[in-house]
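Just below is one structure, and these are the notes that go with it.
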Protein chains: 2
Amino acid sequence: MIETAALKMFAALSQETRLRIVRYLVECGTEGASAGDIGKTVGAISSRASFHLAALEQAGIVTSERQSRKIVYRANYEALGALVSFLLTDCCGRHPLVVACCDLGECC
Amino acid sequence: MIETAALKMFAALSQETRLRIVRYLVECGTEGASAGDIGKTVGAISSRASFHLAALEQAGIVTSERQSRKIVYRANYEALGALVSFLLTDCCGRHPLVVACCDLGECC
DNA sequence: TCAACAATTCAAGAGATATTGAAATATGAT
DNA sequence: ATCATATTTCAATATCTCTTGAATTGTTGA
């Protein structure tokens, strides 16, 4: 993962509404959820939900697909995994204290 | 880790200069580095380095300690570990795809 | 076609963030 | 005391981000 991509992802996750969206979509799994559904869940009017969903998609954290009238959003697990990897490896050099603190066991 | 703390840390890491500072300080280990040293390393004039170091300290990502004339900054490995944990567990629910993508082996 | 539903786009305003250079503070050496 | 070093603080400016409500686009069903 390139630094600029990580910066965009961190920026995307640094906003309350967007972080809630991500957590909700991770729960939703491969089914995903529609923009309207997401907006209701996180308490955002349509334009606001749309704004933040666009930001998340721009950052590569979610994907979107039109399904008839609705647009279904899904978490991009690969991207999230890459970000965890970036943070753990590229930023923290898999430092023992970091590994210990995040309960990763002995394998890391 | 509480959500607001994670939001602050993500915001702190979403800025190029600050991300560079963090990566440098992680390399420096327990010795840490002075503000001037950090500024030169990441290419920032003193006031800018100071501004970003304050932001990182505010977010809990680094600590500071005066040593005679210099102020030594150090990476807060516990906080970074907690953030990795938050991202992996609270945000991604340790989803198999995420775990796989970030090369965490079988233990997670 | 027309009405409804779902979502995005747009414009405007408020607020936050980043950069710079100058001034201020703190420490140590002569 | 005075000076040099190290860092922070401040003011001004520019830019980016977020929110809202209204207008627009796209899709489906009567």
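Predicted model only: the values in this text are computed from it and were never measured. First the proteins, then the strands, lettered A, B, ... as listed; each starts at 1.
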Subject >> Spacing of A:Leu53 atom CG relative to C:dA6 atom P, expressed in whole Å >> reply: 16 Å

Original post:
Taking atom types as they are modelled, is there a donor-acceptor pair under 3.5 Å from the base of C:dG28 to the side chain of B:Ser68?
Top reply: no

Original post:
Phosphate oxygens OP1/OP2 of C:dA6: is one of them under 4.0 Å from a side-chain N or O of A:Ser34?
Top reply: no

Original post:
Would one find a side-chain N or O of B:Arg69 under 4.0 angstrom from OP1 or OP2 of D:dT5?
Top reply: no

**OP:** Decide if atom CD of A:Gln58 counts as having more than 12 heavy atoms of other residues, nucleotides or ligands within a radius under 6.0 Å.
**Re:** no

**OP:** May I ask you to verify if any side-chain N or O of B:Arg66 is less than 4.0 angstrom from the OP1 or OP2 atom of C:dA26?
**Re:** no

Original post:
Closest nucleotide of DNA chain C for B:Ser46 versus for B:Ser14: which of these residues is on the 5' side?
Top reply: B:Ser14

**OP:** In whole angstrom, give the distance that lies between atom CD of B:Gln67 and atom P of C:dA26.
**Re:** 19 Å

Subject >> Value in whole Å for how far the P atom of C:dT19 lies from CZ of B:Phe51 >> reply: 7 Å

Original post:
Any idea which heavy atoms bring A:Ala79 and A:Gly60 closest together, and the distance?
Top reply: CB-O, 3.2 Å

Original post:
For C:dT19, does either OP1 or OP2 sit under 4.0 Å from a side-chain N or O belonging to B:His52?
Top reply: yes

Subject >> Phosphate contact (C:dT19 OP1 or OP2) by B:Gln15 side-chain N/O below 4.0 Å >> reply: yes

Original post:
Would you say B:Arg18's side chain and B:Leu13's backbone share a donor-acceptor pair under 3.5 angstrom?
Top reply: no

Original post:
Rounded to the Å, how far apart are A:Glu65 CD and C:dA7 P?
Top reply: 13 Å

Original post:
Between the side chain of A:Ser14 and the main-chain N/O of A:Ala11, is any donor-acceptor distance below 3.5 Å?
Top reply: yes

Subject >> Side chain of B:Ile45 (C-beta onward), nearest among C:dT20, C:dA7, D:dA22 >> reply: C:dT20

Original post:
Which one, C:dA7, D:dC18, C:dT19, comes nearest to the side chain of A:Arg18?
Top reply: D:dC18

**OP:** Take atom CD1 of B:Ile21 and atom C1' of C:dA18, then tell me their distance rounded to the nearest Å.
**Re:** 13 Å

Original post:
For A:Glu31, does the CD atom sit with more than 12 other heavy atoms under 6.0 Å from it, leaving out its own atoms?
Top reply: no

Original post:
Is the shortest side-chain N/O distance from A:Arg48 to OP1 or OP2 of D:dT20 below 4.0 Å?
Top reply: yes

**OP:** Rounded off to whole Å, could you give me the CD-to-C1' distance for the A:Gln58 and D:dC16 pair?
**Re:** 15 Å

Original post:
Can you tell me if the side-chain N/O atoms of B:Tyr73 get under 4.0 Å from OP1 or OP2 in D:dT8?
Top reply: yes

**OP:** Whole angstrom is fine here: how far is it from CG in A:Leu56 over to P in D:dT17?
**Re:** 14 Å

Subject >> Length of the line joining B:Glu16:CD and C:dA18:C1', which is rounded to integer Å >> reply: 13 Å

